[in-house]
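To start, the structure under review is shown below, and the notes come after it.
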Amino acid sequence: MAPRGGKKIIIVKKKVAGHGGHHGGSWKVAYADFVTAMMAFFMVMWILGMDDKTKQAIEGYFANPVGYKKGYGAGSSPLSTGTAPTNVQKTPLRMIVRSTEQRTFEQLKNAILEKVASNDSLKALKALVDVQVTNDGLRIELVETGSGDVFFPLGSAKMKSATMLALQLIGTELATLHHPVILEGHTDAAQFISAGGTYGNWELSADRANAARRVLEGVGLSDGRIVEVRGYAATKPRITDDPLSAANRRISILLPFSIAPDGAADAASMAQYKTDSMHASLAKRVP
């Protein structure tokens, strides 16, 4: 096209820069990276608190997941690669959970025994608080001694001062965990029947366990932690060859081990029922 009037026509094109639509969404990527990093950090802290055998089992799985499941090794080093057959036996994740809980219960046992031993009032009353890690879990027992009325008067569910004090010391320690709690009441084989004939050892053992429940809930055990209250009367004696022994009259506090289903062998299914224990382990200071 020829210019008009002998003048050249100049066309100016301007580029308008786009805003990017809310900064292009880059903040979402940064936030996702942050969340991923935090998850990895907490997992590392949890693993660092485990024993060496458990660490090796986890290390072997992540080094070669396919070979680990099939029973293959990964060379001379757990971090090397390869699919050479090996006789190494894989450790189910439910055993890792049991190992973690075992260590937690041992620490709790020592803390409770230390508190009880340092209390002058319980020493003066000769109150026996027995704490053991058994096949069922952590078992804490308030065991009668002597004439059998240290914790409860004979034939009564009314607590004495030793019972209240011991349960308060124990409850403050139990409140730091998330494990379920089962309470049991036991009597000796002496037949106790009230004047009306409607109240006996079964009712007495259950009422004593319920009395313990009220104290534990009052010192910090949140709602839902106590899952069962049992009264066994004289059916589960502590001293089997002496059913009338005062030691058979006791209150038991049981923190059971977690029971993993046989099919829960991978991390995903294990995490569905073991979140509380993982949180408790993460909250502990790494040595």
Side-chain angles (χ1 to χ4, degrees), residues 20-111 133 137-138 173-180 220 222 224-225 255-287:
H22 299 288
H23 304 286
S26 60
W27 67 272
K28 298 178 182 178
V29 178
Y31 179 72
D33 291 342
F34 171 75
V35 172
T36 303
M38 289 302 296
M39 181 183 70
F41 171 76
F42 285 126
M43 289 298 294
V44 169
M45 292 297 100
W46 177 46
I47 293 172
L48 285 177
M50 297 180 176
D51 54 30
D52 292 337
K53 184 177 179 180
T54 303
K55 290 178 184 176
Q56 291 174 2
I58 296 176
E59 186 179 23
Y61 174 80
F62 283 103
N64 185 9
V66 177
Y68 188 79
K69 288 182 179 179
K70 292 182 178 180
Y72 289 99
S76 58
S77 170
L79 297 178
S80 62
T81 58
T83 56
T86 180
N87 293 326
V88 176
Q89 183 178 4
K90 68 177 183 179
T91 303
L93 288 183
R94 62 176 176 272
M95 297 303 296
I96 297 176
V97 174
R98 173 60 67 94
S99 176
T100 303
E101 289 186 335
Q102 181 92 19
R103 185 171 59 255
T104 300
F105 288 162
E106 289 289 350
Q107 293 172 350
L108 183 60
K109 167 187 172 181
N110 295 333
V133 179
L138 180 68
E173 293 295 328
L174 297 184
T176 62
L177 299 181
H178 299 275
H179 289 75
S222 57
R225 285 284 307 281
L255 277 68
F257 282 118
S258 298
I259 302 176
D262 293 337
D266 58 356
S269 56
M270 189 67 66
Q272 290 179 0
Y273 74 92
K274 207 55 202 135
T275 303
D276 287 344
S277 291
M278 186 183 296
H279 288 172
S281 297
L282 290 175
K284 292 183 180 179
R285 183 180 300 173
V286 178

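Computed from heavy atoms alone, side chains included, the values below leave out hydrogens, waters and symmetry copies.
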Between [X] (side chain only) and [Y] (backbone N and O only), is there a donor and an acceptor less than 3.5 Å apart?
| X | Y | result |
| --- | --- | --- |
| R225 | L177 | yes |
| E101 | S258 | yes |
| S99 | M95 | no |

Beyond-backbone contact of L108 with V133, side-chain heavy atoms, under 4.5 angstrom: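 No, too far: nothing below the 4.5 Å cut-off.
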Partners meeting ring pair (Phe, Tyr, Trp, His ring centres under 6.0 Å) with F257 (sequence neighbours left out):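 So F257 forms a ring pair (Phe, Tyr, Trp, His ring centres under 6.0 Å) with F105.
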Nearest heavy atoms of G220 and A175, plus distance in Å: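 Taking G220 first and A175 second, the nearest heavy atoms are O-CB, 3.8 Å.
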Approximate separation, where rounding is to 0.5 Å, of H179 NE2 and L138 CG: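 If we round to the nearest 0.5 Å, H179:NE2 and L138:CG are 9.5 Å apart.
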